[in-house]
Amino acid sequence: MVIGVSTLRISLPVFVAEQHGLFAKHGIDAEVRRYDTAQPLADELGAGRIDAGGYVAFPILFGPGAPPPRVRVLTAVVEDAAHPLSYLLVKKGSGLRGVAALRGRRIGILPTAAYRRWLEAILRHDGLRPEDVSIVPLTPSLEVDALAGGGVDALFTGDPMATAALARGLAELATDTPDVPRVLGDPFLFGTFAITEDFAQKHPAQARALADALDEAITMLSADPGVGTAAMKPYVRETERPFVDRYPAARYLRSGEIGAAQLDRALELAGTDVRAATVALQ
């Protein structure tokens, strides 16, 4: 089984499963491929070039622009006020405070459909139009330097970049609470791990085993969040590695904990026609 993983904090269960031998424990011969963000991972998943992957934000996997891939959803990651995943940052000491202060400014984003869609929703909610700012997609490795050097005035991103920028004293939060759940609903179903319907139909036992491995990883994370940061540390860039232990605890839903109504709402917020989407709970 070829499994894609985005090298972002949302993917902690995959790192735990790989580092702690949970894939092998559940009988899965896994080849794990890493991606800087979830966007290319979703493209590979939709094209059937990998069998499963995550974690992927719902607008990336199911957003407008292409027919949704035929997948099954195994688990989910949730953002709420106590479990931030997305950060709106400004340069330390810039004096910028609040979304309205960003009018006319350059905002760097993680280069995915999800962060663009969410930022546009935040701007509209707080009285700005998307065209009132300049949105600049930035590869993860360039984000912090772009903010520190003045290439952008703000940064809308996640970890490992966000915590590294805050811990190094280069950035500060522009708002008091995570903006995605503030605007789109708290708790917010942020992303998921998915397996192609084709693989699931051909190898149902392996699909179930994959769900079991991820569920076990989530149970381990719930008992000790440090398990996740320790598992992820080898995969982050060297400049970000010293700050991995500062990540806040993340909240995940096991495969059996995602309700159909929750999934429909996540698809709706992603811009998907729920009736046309081919997605199922494993």
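Keep in mind it's a predicted model, so treat the numbers as computed, not measured.
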The test is side chain to side chain contact (heavy atoms under 4.5 Å, CB included); show your working for L189 and L269 and say whether it passes. CA-CA 10 Å; L189 211 61; L269 289 173; over 6 Å; no

For V227, give me all partners under side chain to side chain contact (heavy atoms under 4.5 Å, CB included), at least two apart in sequence or on another chain. V16, H20, M220, D224

Heavy atoms, side chains only, cut-off 4.5 Å: are Y247 and M232 in contact? yes

To the closest 0.5 Å, what do you measure between OH (Y87) and CG (L85)? 7.5 Å

Side chain to side chain donor-acceptor pair (under 3.5 Å) with Q262: which residues, sequence neighbours excluded? none

Check this for me: does any side-chain nitrogen of one of R251 and D80 sit under 4.0 Å from a carboxylate oxygen of the other? yes

Spacing of Y115 atom OH and I122 atom CD1 [to the nearest 0.5 Å]: 9.5 Å

Between the side chain of T229 and the main-chain N/O of V244, is any donor-acceptor distance below 3.5 Å? no

Using a 4.5 Å cut-off on heavy atoms from C-beta on, say whether the side chain of P84 contacts that of P248. yes

Salt-bridged, D43 to R49, with N to O below 4.0 Å? no

Run the side chain to side chain contact (heavy atoms under 4.5 Å, CB included) test against T219 and tell me which residues pass, sequence neighbours left out. R254

Test of understanding: clusters of I, L, V, M, F, W, Y form through side-chain heavy atoms closer than 4.5 Å, transitively. Do L88 and L147 belong to the same one? no

Do the side chains of Y35 and V56 join up, straight or via other hydrophobic residues, at under 4.5 Å, putting them in one cluster? yes

Scanning both residues in full, the closest heavy-atom pair of R97 with A101 reads O-CB, 3.3 Å

Excluding sequence neighbours, so at least two apart, what forms side chain to side chain donor-acceptor pair (under 3.5 Å) with Y252? none

Name each donor-acceptor pair under 3.5 Å that joins a side chain in residues 155-173 to protein atoms two or more places apart or in another chain, with its distance.
{"from": "T157", "atom 1": "OG1", "to": "E143", "atom 2": "OE1", "distance (Å)": "2.6"}
{"from": "T157", "atom 1": "OG1", "to": "E143", "atom 2": "OE2", "distance (Å)": "3.4"}
{"from": "D159", "atom 1": "OD1", "to": "T163", "atom 2": "N", "distance (Å)": "2.7"}
{"from": "D159", "atom 1": "OD1", "to": "T163", "atom 2": "OG1", "distance (Å)": "2.7"}
{"from": "D159", "atom 1": "OD2", "to": "R9", "atom 2": "NE", "distance (Å)": "2.7"}
{"from": "D159", "atom 1": "OD2", "to": "R9", "atom 2": "NH2", "distance (Å)": "3.1"}
{"from": "D159", "atom 1": "OD2", "to": "T163", "atom 2": "OG1", "distance (Å)": "3.1"}
{"from": "E172", "atom 1": "OE2", "to": "G93", "atom 2": "N", "distance (Å)": "3.4"}

If you look only at pairs with a residue in residues 159-191, which of them pass as a ring pair (Phe, Tyr, Trp, His ring centres under 6.0 Å), with sequence neighbours excluded? W118-F188, W118-F190

To the nearest 0.5 Å, what is the distance between OG on S255 and CZ on R208? 5.5 Å

Under the 3.5 angstrom rule, does the side chain of Q206 hit a backbone N or O of G27 as a donor-acceptor pair? yes

Donor-acceptor check, side chain of E44 to backbone of G4, threshold 3.5 angstrom: yes or no? no

Would D51 and T196 count as having a side-chain donor-acceptor pair, cut-off 3.5 Å? no

With rounding to the nearest 0.5 Å, note down the distance linking CD in Q201 to CD1 in I195. 11.0 Å

My understanding is that a hydrophobic cluster links ILVMFWY residues whose side chain heavy atoms are under 4.5 Å apart, including indirect links. Using that, what else belongs to the cluster containing F243? none

Treat each ILVMFWY residue as a node, draw an edge where side-chain heavy atoms are under 4.5 Å apart, and state whether I28 and V32 are in one component. yes

D36 meets the side chain to side chain donor-acceptor pair (under 3.5 Å) criterion, sequence neighbours left out, with none

Reported OG1-to-OH distance for the pair T192 and Y55, which is rounded to 0.5 angstrom: 7.0 Å

Identify whether the distance between the nearest side-chain nitrogen and carboxylate oxygen of R241 and E238 falls below 4.0 Å. no

Sequence neighbours excluded, which residues qualify as side chain to side chain contact (heavy atoms under 4.5 Å, CB included) partners of T139? S141, L142

Taking I107 as the starting point, is it possible to reach V136 by hopping between hydrophobic residues whose side chains are less than 4.5 Å apart? no

State, to 0.1 Å, how close V71 and A194 come at their nearest heavy-atom pair, and which atoms those are. CB-CB, 4.0 Å

Run the numbers on L210 and L74 for side chain to side chain contact (heavy atoms under 4.5 Å, CB included), then give the verdict. CA-CA 8 Å; L210 179 58; L74 303 186; 3.6 Å; yes

If you take all heavy atoms of V90 and L102, which pair is closest and at what distance? CG1-CD2, 4.1 Å

P137 and R116, any side-chain heavy atoms less than 4.5 Å apart: yes

Between the side chains of D186 and R182, is the shortest nitrogen-to-carboxylate-oxygen separation below 4.0 Å, so that they form an ion pair? no

Less than 4.5 Å apart, side chain to side chain, heavy atoms only: is that true for L123 and D132? no

Are V5 and R33 close enough, and set up right, to give a side chain to side chain contact (heavy atoms under 4.5 Å, CB included), and what steps lead you there? CA-CA 6 Å; V5 60; R33 295 181 185 173; over 6 Å; no

Would you call S86 and D179 a side-chain contact if the rule is heavy atoms closer than 4.5 Å? no

Give the minimum heavy-atom separation between I3 and A30, together with the two atoms involved. CD1-CB, 3.8 Å

Mind checking what makes salt bridge (Lys or Arg N to Asp or Glu O under 4.0 Å) contact with E131, not counting sequence neighbours? R129

All heavy atoms of P178 vs all of E79, minimum pair found to be CB-OE2, 3.5 Å

What is the distance from atom CG of D29 to atom CD of E31, rounded to the nearest 0.5 Å? 9.0 Å

Going through the distances and angles, do T75 and L253 end up as a side chain to side chain contact (heavy atoms under 4.5 Å, CB included)? CA-CA 6 Å; T75 61; L253 300 179; over 6 Å; no

Path from I135 to L128 over hydrophobic side-chain contacts below 4.5 Å: yes

Residues in side chain to side chain contact (heavy atoms under 4.5 Å, CB included) with T7, at least two apart? F15, R34, Y235

D153 and R106 ion-paired at < 4.0 Å: no

Donor + acceptor pair across side chains of S11, S6 (<3.5 Å): yes

Contacts of type side chain to side chain donor-acceptor pair (under 3.5 Å), residue E120, not counting sequence neighbours: none

Search all heavy atoms of A121 against all heavy atoms of V183 and return the closest pair with its distance. O-CG1, 3.8 Å

